[in-house]
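Residue indices begin at 1 and follow the sequence shown.
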Amino acid sequence: MRILWKLFYSTLYLSAFTFGGGYVIITLMKKKFVDEYRWIEEEEMLDLVAIAQSSPGPIAVNGAIVVGYKLAGMAGVLVSILGTVLPPFVILTVVSFFYEAFQSNFYVKTILDGMQCGVAAVIASVVYDMGKGVIEGKSLVSNLIMAAAFTVTFFFQMNVVYVVLICIGLGVLRVLWGRRGEKS
């Protein structure tokens with residue numbers, strides 16, 4: 001029961017004070033659940049993020065679902081969803097009443113623009129921390145595939161679906177090649 005309260009409070013706190021979208025909350029979940037609480041290993045968190053990204057729906061909610069399920073089963077899912085959804089729901093309800101005043105307010109616009117810089121820094125920091133571990137822990141071939149996938153997606157605007165399908169095919173070929181080598 002204690003873990004459910006801690007999970008609810010953590011997701012509520014992260015969701016209430018996170019600006020910048022789902023990727024920011026995922027990075028902060030990593031800091032909270034991997035680095036601070038040590039409930040999840042870093043590699044497992046990367047797997048959970050991959051599941052959250054590949055599932056339909058908002059990544060913050062998907063991340064809360066997979067982390068909640070990992071930590072406390074279905075009760076963890078319900079608690080983490082509630083903690084993640086409640087703050088934006090309340091904030092958007094309040095903002096909708098005052099939208100016109102916020103829309104034209106110079107100070108509010110300036111504050112939000114400044115927050116975007118902070119969000120970018122947080123994302124860059126966590127991407128570096130998590131990416132460093134991935135690069136060090138994988139083979140040269142895996143790192144080359146990752147670099148190629150980034151290059152064709154970012155520079156050549158190749159559809160991500162094709163990149164994922166190609167990477168799946170390459171992964172299957174690598175496994176089959178490895179099994180063939182074991183039989184010899």
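To the nearest 0.5 angstrom, S54 atom OG is 8.5 Å from N62 atom CG. Taking CE from M115 and OG1 from T18, the interatomic distance works out to 9.5 Å, rounded to the nearest 0.5 Å. Considering CD1 of I166 and CE of M158, their distance stands at 4.5 Å, rounded to 0.5 Å. For the atom pair CD of E36 and CG of L28, the computed distance is 11.0 Å after rounding to the nearest 0.5 Å. Here the CD1-CZ distance, from I111 to F106, works out to 10.0 Å after rounding to the nearest 0.5 Å.
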Can you give me every donor-acceptor pair (side chain of residues 167-174, partner residue at least two apart or in another chain, under 3.5 Å) with its distance?
unit_1	atom_1	unit_2	atom_2	d
R174	NH1	S142	OG	2.8
R174	NH2	S139	OG	3.2

N/O donor to acceptor pairs below 3.5 angstrom from side-chain atoms of residues 144-155, sequence neighbours left out:
unit_1	atom_1	unit_2	atom_2	d
T151	OG1	A147	O	2.8
T153	OG1	A149	O	2.7

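Cluster membership check: F33 shares its hydrophobic cluster with L46, using side-chain heavy-atom separations under 4.5 Å among Ile, Leu, Val, Met, Phe, Trp and Tyr. Residues I40 and V61 fall into different hydrophobic clusters, defined by Ile, Leu, Val, Met, Phe, Trp and Tyr side chains chained together at heavy-atom separations under 4.5 Å. Hydrophobic clustering (ILVMFWY, side-chain heavy atoms < 4.5 Å, transitive): V85 and Y69 are in one cluster. There is no path of hydrophobic side-chain contacts, each under 4.5 Å, that joins I65 to M45. A chain of hydrophobic side-chain contacts below 4.5 Å, direct or via other Ile, Leu, Val, Met, Phe, Trp or Tyr residues, connects L7 to I51.
Applying the side-chain hydrogen bond (donor to acceptor under 3.5 Å, both in side chains) test to N105 and every residue at least two apart in sequence or in another chain returns nothing. In this structure K70 satisfies the side-chain hydrogen bond (donor to acceptor under 3.5 Å, both in side chains) test with no other residue, sequence neighbours excluded. Under the side chain to side chain contact (heavy atoms under 4.5 Å, CB included) criterion, I59 pairs with Y23, I26, A52, Q53, not counting sequence neighbours.
Residue A72 comes nearest to I3 through the heavy atom pair CB-CG2, 4.5 Å, listed as atom of the first residue, atom of the second, then distance. Nearest heavy-atom pair, V79 versus T11, reported as atom, atom and distance to 0.1 Å: O-OG1, 4.2 Å. Minimum heavy-atom separation, I91 to A16: CD1-O, 4.2 Å. Across all their heavy atoms, A60 and M29 have their closest contact at O-CE, 4.1 Å.
In this structure the side chain of L4 never reaches within 4.5 angstrom of the side chain of F8, judged on heavy atoms. Counting only heavy atoms from C-beta outward, the side chains of V67 and L48 approach each other to under 4.5 Å.
Looking only at distances, no side-chain donor or acceptor of S15 sits under 3.5 Å from a matching main-chain atom of L12.
Applying the side-chain hydrogen bond (donor to acceptor under 3.5 Å, both in side chains) test to every pair with at least one member in residues 37-50, sequence neighbours left out, gives these pairs: S10-Y37.
Within the cation-pi definition used here (under 6.0 Å to the ring centroid, within 45° of the axis), R2 does not qualify as a partner of W5.
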